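Each remark here refers to the structure printed beneath this line.
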Amino acid sequence: MKQYLMVLVFGMICLIRATNCQDEQRIDEIINAVLACRNNPGLSVTVVKDGRVVLSKGYGVRNLQTGEPATNKTLFGLASLTKAFTSTLLVKQLSEKTSYHVGTNVYKVLNNSRLFNNTLRSIYATVDDLMAHRLAIPRNNFLRLSSTLTRENLVSRIRYLPSTGAFRKTFYYSDLMYGVLTRITENIGGQSWEDLMTSYILNPLGMTSTTFETRQDHGSSDVATPYVSENGVLTPASQDFIRHWELIGGSGSMMSTAEDMAKWLIFQLNNGKTPNGTQLMDLQDFEDTHRPRNMISSKYSATGKYFTRPKIPVTTSNDGYALGWKTGFYRGLRMLQHSGTTWGFASLLTLIPDENLGIFTSMSGTDIGYFTRLTLHNFLADIFLGETPWLNSTTICSFPRPWHNNVQSRRTKRAITMPISPFLVTNLVIYAGVYRNEAYGNIDVVITNNRLRAIYGIGEWNLNPTSDTKFTAVWQKDAPRLDFVFTFKKTGTRVYSLIPGFQKSKPPIFYKISQTPGLIG
C-alpha cells in the first residue's frame, strides 16, 4: 500500500509539473550518472516551458561531510550568469533614471576622460562596449587578489592595463569591465549594487532567496559548499577567499536556487514581464539586451571545438555576444546562453526563445572544458523539445569521446616545488624588496627562514628557484591553490623587476621601488 501511494504521489507531481514521469526518470538517471562520473557533489536544475516550471530539483549533496541533500531551495553560485543581471539592471537604470543609454560614452556617464590606456578607448568606449567585451584589454583577473581593490578605485586602476587587440574588432572577455559597470549602477542609484539589484530586479520577480557571495555565510543556511579539485581531491574553497574575489560584484557574485532561477528564465522568455504581467522594463530596452554586439572566435568557445558537426551529431554554437548573453543556435533554433565558472561552482543557462524553453543548472565542483554543463543542457533540451537525445548515460560521461579521441587535458597546471640552489640561497637578498605595478599595486618579496616569500594582497607564496631568475610560486593559503611562475629581471646582481605569471598576454610588470618590503599598496 505504501509503495502504491509513493507511485501515486510521484505521478501527481509529474502531472502538476506537466512533465512526463518517464522523462523525469530518464533525467534523474542521467544527472545522477553525471554527478558520479564527473565527481561533482551536488547540482541544481530548473527547466521552464511555455511559461510553466516543468522541472525544479536538486541532486547529490550540498556538503560532502554532512551528506545533506541538495534541493531546489539550495543556493548555488551563479558565477558569470550574474552578468546578464547586471546588464539588465543598468539598462533599466539608464532608461529610467538618466538621459543616457547603452550607446553613451562611458566617460560621460562617469565624468572621467582618463578611463583607459589610450585616448581612443577613453573617449569613444560606450557602455555596451564594456557589456559586450569589446575593449580588447586582457582579462587581468588576478588583480582581484589585491587587498586594496575596491569598486571605487577599480575605475582609476584599469587605465594602467594595456590593450592588445583592436578596439571593437575582437572579443576579450573581462570580469573587470563588469566591475566598472557595477560601479556605474552605484553612481546612478546612490546605493550598493547588491541593494539596487534586490530592489530593481529580484524583489519584483519574487526571487527572494537569491543573494550574493559578498554577503553570504556558507555555514548559515541551505547553501552548497564550493569544492575545488586539489591534486584530484575535492576540497572546500575558502569562504573568505571567495568573498574577497567577488568584491567587484556584477561580474559573478550572485547565488540562487533552482526555484528562484525559474522566475528569471520565465522573465527572460516573457519579454521582460514580472509574474503579475507588469512590464519590468521598456520592451525595446529589454530586447536590446539580447541583441548581439560582438562576435566570439571559435578559439574562445568550447562549442566551436567540441560541439559542432561533422564530428558531433548536433551542433551547439556560441558565435555572438549580447549584453551578458552569448548568442547562437541549437538544432537550428535561435539560442541565448551563458556559462559561469568560479571557485567551486560551474553554472549554465540556456534560452531557446522560439520554443519558449529555458534551462538552468549549477553544480559544485569543477567542469573542465564545459563538457558536463553543455552535454547536460543538450540532453535536457532534447527531452523538452521532443527530440531523441543524441547523448545517453554512457556518452555523457565519456564526452568528448568517442567523437573526439585526441583530447588534451585542460586541467590547471600546478607549479612543481624545486629544491633551492645553494648559489641562490646566498644571494636571496638581491630579490627582496617592494615591487610596484600601477594597476595591481605592490608585491612584497621578503626573506623568511632563509627562503623567499612573496605577498600580494590576500595571496602568499613560497618562491622556490629553478634558475637565478625563475621561481615557482607555491600558494601558502587555503584552497583554491594558485601556483604560478615568478620571473625576476636582473642586470648582474641588480634585480629591477618582477613578472608574476598572473596573465599570459601582456603580463603585468612590477618594478622594484624599494629594497625594504613595505605595506601592500
Side-chain angles (χ1 to χ4, degrees), residues 79 138-151 153-154 157-158 160-161 175-176 179 213-214 226-231 235-248 251-253 341-344 366 412-418 428 431-449 451-466 470-488 495 497-504 506-514 516-521:
R139 198 166 184 179
N140 285 286
N141 238 1
F142 290 104
L143 189 153
R144 295 160 75 175
L145 296 177
S146 170
S147 56
T148 59
L149 180 67
T150 65
R151 294 172 189 175
N153 69 35
L154 172 63
R157 294 169 81 154
I158 61 170
Y160 298 104
L161 298 177
D175 294 300
L176 296 184
E213 290 279 13
T214 48
Y227 287 98
V228 293
S229 180
E230 301 289 342
N231 298 318
T235 305
S238 163
Q239 181 179 327
D240 289 339
F241 178 95
I242 292 175
R243 184 179 291 112
H244 181 87
W245 185 262
E246 299 297 354
L247 280 177
I248 61 175
S251 71
S253 72
T341 305
T342 190
W343 311 107
T366 59
T412 304
K413 294 182 179 179
R414 297 299 183 193
I416 301 172
T417 304
M418 301 295 289
L428 290 183
Y431 302 94
V434 181
Y435 297 78
R436 182 164 186 81
N437 177 279
E438 289 304 314
Y440 281 74
N442 292 354
I443 293 179
D444 283 356
V445 178
V446 300
I447 301 173
T448 305
N449 297 325
R451 71 187 308 170
L452 290 177
R453 175 169 289 209
I455 304 167
Y456 174 62
I458 64 170
E460 290 189 23
W461 299 266
N462 281 340
L463 302 185
N464 300 331
T466 59
K470 289 189 181 297
F471 290 70
T472 56
V474 182
W475 185 254
Q476 298 301 300
K477 294 293 192 73
D478 293 334
R481 180 177 170 181
L482 304 177
D483 295 343
F484 298 100
V485 174
F486 279 25
T487 302
F488 290 89
V495 176
S497 68
L498 168 60
I499 305 175
F502 293 162
Q503 176 73 34
K504 289 183 179 179
K506 286 280 185 179
I509 301 174
F510 291 71
Y511 291 97
K512 196 170 191 178
I513 61 173
S514 172
T516 304
L519 296 175
I520 300 295

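These figures come from a predicted structure and were not determined experimentally.
A side-chain donor-acceptor contact under 3.5 Å links W461 to the backbone of L482. Using a distance-only test at 3.5 Å, with no hydrogens or angles considered, no donor-acceptor pair links the side chain of E246 to the main chain of T214. Distance alone, capped at 3.5 Å, is enough to place a donor-acceptor pair between the T472 side chain and the N464 backbone. Under a 3.5 Å cut-off, the side chain of E460 and the backbone N or O of R453 do not form any donor-acceptor pair. A donor-acceptor pair under 3.5 Å links the side-chain atoms of N153 to the main chain of T148, judged by distance alone. A donor-acceptor contact shorter than 3.5 Å links the side chain of R157 to the backbone of Y440. A side-chain donor-acceptor contact under 3.5 Å links N437 to the backbone of I509. Looking only at distances, no side-chain donor or acceptor of W343 sits under 3.5 Å from a matching main-chain atom of P226.
What you find for E438 and R436 is that their closest heavy atoms are OE2-NE, 3.4 Å. Between T366 and S229, the shortest heavy-atom distance links the atoms CG2-N, 4.1 Å. Here the closest non-hydrogen pair linking K512 and V495 is CD-O, 3.2 Å. Closest non-hydrogen pair, P236 versus A479, comes out as O-CB, 3.8 Å. Of all non-hydrogen atoms in H244 and S146, the two that sit nearest each other are NE2-O, 2.9 Å. Counting all heavy atoms, side chain and backbone alike, P138 lies closest to K506 at CG-CB, 4.4 Å.
Side-chain rings of F142 and Y456 stay apart, their centers remaining 6.0 Å or farther from each other.
The line from CD1 of I499 to NZ of K470 is 8.0 Å long, rounded to the nearest 0.5 Å. Atom OG1 in T235 sits 9.5 Å away from atom OH in Y227 (nearest 0.5 Å). The distance from atom CG of D444 to atom OG of S514, rounded to the nearest 0.5 Å, is 9.0 Å. In this structure, CZ in R481 is found 8.5 Å from CD in Q476, a value given to the nearest 0.5 Å. Between the OH atom of Y511 and the CG atom of L498 there is a distance of 11.5 Å, given to the nearest 0.5 Å. Atom CG of residue L143 and atom CD1 of residue I158 lie 10.0 Å apart, to the nearest 0.5 angstrom.
Taking 4.5 Å as the limit, every side-chain heavy atom of S497 sits out of range of all side-chain heavy atoms of F488. Side chains of R243 and S238 form no contact here, defined as non-hydrogen atoms less than 4.5 Å apart. For the pair N140/Y160, no side-chain contact is recorded, criterion being any heavy-atom separation below 4.5 Å from C-beta on. Counting heavy atoms from C-beta on, the side chains of V474 and F484 never come closer than 4.5 Å.
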L154 and L176: CA distance, side-chain angles, deciding distance, side-chain contact (heavy atoms from CB on, under 4.5 Å) verdict: CA-CA 8 Å; L154 172 63; L176 296 184; 4.3 Å; yes
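When I248, I458, L247 are each tested for a side chain to side chain contact (heavy atoms under 4.5 Å, CB included) with R144, only one passes: I248. Shown are N462, V445, L452; of these, the side chain to side chain contact (heavy atoms under 4.5 Å, CB included) with F471 is made only by L452.
Between F486 and F502, the ring planes lie perpendicular to each other; the angle is over 60°, past the 30° to 60° tilted range.
Around NZ of K477, the count of heavy atoms belonging to other residues, nucleotides or ligands within 6.0 Å exceeds 12.
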